[in-house]
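A short write-up of the structure that comes next.
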Amino acid sequence: MSRINLKIITQQKVVFEGEVDAFYTTAEDGMIGILPNHLPLICPLKVGITKAISDKKEIFFTTMGGILQFSENVAVILTDLAELGTDIDEARAKEAYERAKARLAAHTEKNEILRAQFALSKAIARITAAKRGR
């Protein structure tokens, strides 16, 4: 059976590189799943969760936007920030979530609201990846 060589890369480091059976990530249009021999694809990603499945084991990552490129069973996710779910400090992520909610409630200026919404999305992704990655 074919497998996918998945790489998750930030400007600072390669967060993950390995063979997986499938993976699911958060595209701009919603969640997408990629199986071996998928048609070539390039798509923008939103802040969210990427789940890789390797030998029936699930591995969770946060992916903070970016782009996915898939061709010939090689998938590359280029993102500003990515974290392995098991590496996330869930307590810190929950604190960031609470701060973002407070900022969102306190601001009425459009730019500040957008920043608070982005911070909230990041916190939610981190909390989700941390919980699922345990």
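Values below: every heavy atom of this structure, side chains too, minus hydrogens, waters and symmetry copies.
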Might you point out which heavy atoms bring A75 and L68 nearest each other, and give the distance in Å? CB-CD1, 4.3 Å
Ring geometry between F23 and F70 (parallel below 30°, tilted from 30 to 60°, perpendicular above 60°): tilted
Short side-chain donor-acceptor distance under 3.5 Å, N5 and N73: no
What heavy-atom pair brings S2 and P36 nearest, and what distance separates the two atoms? O-CG, 3.2 Å
How many angstroms lie between atom CG of L6 and atom CG of D21, to the nearest 0.5 angstrom? 11.5 Å
OG1-NZ distance between T26 and K51, expressed to the nearest 0.5 angstrom: 11.5 Å
Kindly give the heavy-atom pair with the smallest separation between L35 and A22, and that separation in Å. CD2-CB, 3.5 Å
If you round to the nearest 0.5 Å, how far is CD of E58 from OH of Y24? 9.0 Å
My understanding is that only one of T50, I8, L81 makes a side-chain contact (heavy atoms from CB on, under 4.5 Å) with V15; could you say which? I8
Report the distance from atom CG of L39 to atom CD1 of I34, rounding to the nearest 0.5 Å. 9.5 Å
Whether T79 side chain and A82 backbone form a donor-acceptor pair below 3.5 Å: no
Does any N or O in the side chain of T10 come within less than 3.5 Å of the main-chain N or O of D80, such that one atom is a donor and the other an acceptor? no
Please give me the minimum heavy-atom distance between R3 and E19, naming the atom from each residue. NH2-O, 3.1 Å
Which pair of heavy atoms, one from H38 and one from G33, lies closest together, and at what distance? CD2-O, 4.1 Å
Any ion pair linking E28 and K46 (charged N to carboxylate O, less than 4.0 Å)? no
To the nearest 0.5 Å, what is the distance between OG1 on T63 and CD1 on I67? 13.0 Å
